[in-house]
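Data first, discussion second: the structure below is written as structure tokens.
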Amino acid sequence: MKIGYDTVATPLGELYVAVDETGVRKVAMTAEEWEAYAAELGGVPRDAEMCSEAVRQLKEYFQGARREFDLPLSVHGTPFRKQVWAALCEIPYGEVRSYGQIAERIGKPKGPRAIGQANRNNPLPILIPCHRVIGKNGDLVGYAGPRTDLKSVLLELEGVLPAK
């Protein structure tokens, strides 16, 4: 299967976008994340043409000109994770849901922690909007790793939080 990647400059820094013959398969938020992913695949060639539509739509999103993505996705994960990610895609721009609400939505009312794990393993952040999922008391919980500010930056962009 042919796969290529390109980068896009955003207010969050440079993002890495990988596209295969089916659609977008990875959005990496850091160079380290991208390098690990590309190494798993045995290397990925740069292909700006293959990624041009995804890069264009991500730029539009960060410019405030796009509220929904119209991209084919190549989603790889367990059936449960795919179910969670599909539910995340139903959360409208500028709105949030709690982990518990997502668990209820997919028929797993005792599964908020499992929802959190699916979010943590989301291969397509921003496109599959895991940043729109918050704690039941409204806290911005659930983002781990080197960029814990990502959720607040994205929710500010979408008007959920006041800009700092």
For the residue pair Y61 and Y93, does the interplanar ring angle fall in the parallel (under 30°), tilted (30 to 60°) or perpendicular (over 60°) class?
perpendicular

Say whether V55 and V44 are linked into one hydrophobic cluster, either directly or through other cluster members, by side-chain heavy-atom distances under 4.5 angstrom.
no

Quick one: do N121 and R81 satisfy side-chain contact (heavy atoms from CB on, under 4.5 Å)? Show the steps, please.
CA-CA 8 Å; N121 290 287; R81 287 179 180 174; 3.1 Å; yes

Contact between E95 and V160 at the side-chain level, heavy atoms closer than 4.5 Å - yes or no?
no

Should K26 and E33 count as an ion pair when the cut-off is N to O under 4.0 Å?
yes

Contact check, side chains of T30 and Y16, non-hydrogen atoms, under 4.5 Å
no

Output yes when R66 and E68 qualify as a salt bridge under the 4.0 Å nitrogen-oxygen rule, no when they do not.
no

With the threshold set at 4.0 Å, does a side-chain nitrogen-carboxylate oxygen contact exist between D6 and R46?
yes

Minimal non-hydrogen separation, T22 against M1, with atom names
OG1-CE, 4.0 Å

Give, for atom CZ of F69 and atom CG of L58, the distance between the pair rounded to the nearest 0.5 Å.
5.0 Å

Which heavy atom of K151 sits nearest a heavy atom of H131, and at what distance?
CG-O, 3.4 Å

Taking R132 for the side chain and I91 for the main chain, is one N or O donor matched with an acceptor at less than 3.5 Å?
yes

Rounding to 0.5 Å, atoms CD (E53) and CG (L71) come to a distance of 6.0 Å

From K59 NZ over to R56 CZ, what is the distance, rounded to the nearest 0.5 angstrom?
10.5 Å

Tell me the closest heavy-atom pair linking F80 and I115, and the distance in Å.
CZ-CD1, 4.0 Å

Do H76 and D20 come close enough that some side-chain heavy atom pair is under 4.5 Å?
yes

Atom CG of L161 and atom CD of E156: how far apart are they, to the nearest 0.5 Å?
6.0 Å

Exercise: identify the closest heavy-atom pair between P112 and G100
CG-CA, 3.9 Å

So R97 and P92, do their side chains get closer than 4.5 Å, heavy atoms only?
yes

Could you state whether W34 and V24 fall into the same hydrophobic cluster, counting links through intermediate Ile, Leu, Val, Met, Phe, Trp or Tyr residues with side-chain heavy atoms under 4.5 angstrom apart?
no

If we ignore hydrogens and angles and just use 3.5 Å, is the side chain of Q101 paired with the main-chain N or O of S98 as donor and acceptor?
yes

Begin with the C-alpha distance, continue with both residues' side-chain angles, and end with the deciding distance and a verdict on side-chain contact (heavy atoms from CB on, under 4.5 Å) for E14 and V8.
CA-CA 6 Å; E14 191 168 60; V8 57; over 6 Å; no

Any heavy-atom pair between the side chains of P123 and V27 that's under 4.5 Å?
no

Side-chain heavy atoms of Y99 within contact of I134, under 4.5 Å
no

Heavy-atom closest contact (I3 atom, R25 atom, distance):
CD1-CD, 3.0 Å

Atom of C89, atom of L127 and distance for their closest heavy-atom approach:
SG-O, 4.3 Å

Just do the side-chain contact (heavy atoms from CB on, under 4.5 Å) check on V19 and Y5 with the steps written out, would you?
CA-CA 6 Å; V19 176; Y5 88 96; over 6 Å; no

In one Ile/Leu/Val/Met/Phe/Trp/Tyr side-chain cluster, 4.5 Å: Y37, L150:
no

Are F62 and L124 connected, step by step, through hydrophobic side chains (Ile, Leu, Val, Met, Phe, Trp, Tyr) whose heavy atoms are closer than 4.5 Å?
yes

Same apolar cluster: M29 and L88, side chain cutoff 4.5 Å:
yes

Side-chain heavy-atom pair T7, L15 within 4.5 angstrom cut-off:
no

Would E90 and R105 pass as an ion pair if we require N to O under 4.0 Å?
yes

